[in-house]
Protein chains: 2
Amino acid sequence: MEKQTIATHDVDMHEEMRRAFAMLSGKWKLEIMWLLNQRVYRFNELRKAIPGITQHMLTAQLRDLEADGLVSRTIYAEVPPRVEYEMTEKARGLEPTMNALAAWWAEFGSSIPSRTTTRGRKASGQK
Amino acid sequence: MEKQTIATHDVDMHEEMRRAFAMLSGKWKLEIMWLLNQRVYRFNELRKAIPGITQHMLTAQLRDLEADGLVSRTIYAEVPPRVEYEMTEKARGLEPTMNALAAWWAEFGSSIPSRTTTRGRKASGQK
DNA sequence: CTGAATCCATTATGATACTG
DNA sequence: CAGTATCATAATGGATTCAG
């Protein structure tokens, strides 16, 4: 008897996916990947493109992504120094995912509450 | 001249997407949404399905998702009590995204380092 | 037995200053 | 420009306790 996909995905696939979720679960990783999915960015370009992020966090998240093989870091020995971040070949395969996410948001994003970013804020009259 | 999509996405779209990133950036949210995308889950079912998560975190993340209108919570007045978590109509639109993510991982997930979950762990001989 | 709340330790993230 | 260092705060992990 061969095992075949039943509904949408298999239960075992969940096991496999966990690593994928882990490497994308950082607070700014999705946004960073979204940007890098479009073009190559320099450190400060990313910093300016992501309003709330700090240098510390940007550095940390980029290193995480780099360690996971999703982002490559290229240092140019120039003055002033220049460091470019680019998606790796592996990460470029995420484009369909980014497109699907964008399509979803374009369709359902309009019907959204007000929540800012993190939890902790009172859910305003959430009963 | 009409403005048309140039590369993949527009810069302004990034602005719009930020809220989407925020509501999916929780540490376990992607995984929770992945599971709920397949079927309805009870609280403890989710807890068992997500190995590393604690009750505290599961509760918190579910409330976040609920507050963002991605998950609905249904309480059944039974004994023993039962609470089911289900994707909202809005969140169901995420299925293509989940599928794209799964397809990506199926293709590129094999070429992965060892990193466990978070940063901080030495990237085992990573230079 | 299910689900939530509390206390405390550890980690992640935010803010600012400083260096190559 | 591209980080690193340091400290403060928030988020998360772990165990226990509480409520229905």
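From a predicted model like this one, the values you see are computed outputs, not experimental measurements.
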Answer yes or no: side-chain N or O of B:H56 and base N or O of C:dT6 forming a donor-acceptor pair under 3.5 Å.
yes
Is any side-chain nitrogen or oxygen of [X] closer than 4.0 Å to OP1 or OP2 of [N]?
X: A:K27; N: D:dA10; value: no
X: B:R63; N: C:dA5; value: yes
X: B:T59; N: C:dA4; value: yes
X: A:W28; N: C:dG14; value: yes
X: B:Q55; N: D:dA15; value: no

How many Å lie between OH on A:Y76 and P on D:dG3, as a whole number?
13 Å
Indicate yes or no: does [X] engage [Y] in a salt bridge with an N to O separation below 4.0 Å.
X: B:E31; Y: B:K29; value: no
X: B:E66; Y: B:R63; value: no
X: A:E45; Y: A:R39; value: yes
X: A:E16; Y: A:R18; value: no

Between D:dG14, D:dA2, D:dG20, which nucleotide gets closest to the side-chain atoms of A:R73?
D:dA2
Shortest side-chain distance from A:T54, nucleotide among D:dC1, C:dA15, D:dG20
C:dA15
At 4.0 Å (heavy atoms only), tell me whether A:R42 reaches a base, stays on the sugar-phosphate, or touches nothing.
sugar-phosphate
Give B:Y85 one of three labels, base, sugar-phosphate or nothing, depending on what nucleic acid heavy atoms sit under 4.0 Å from its own.
sugar-phosphate
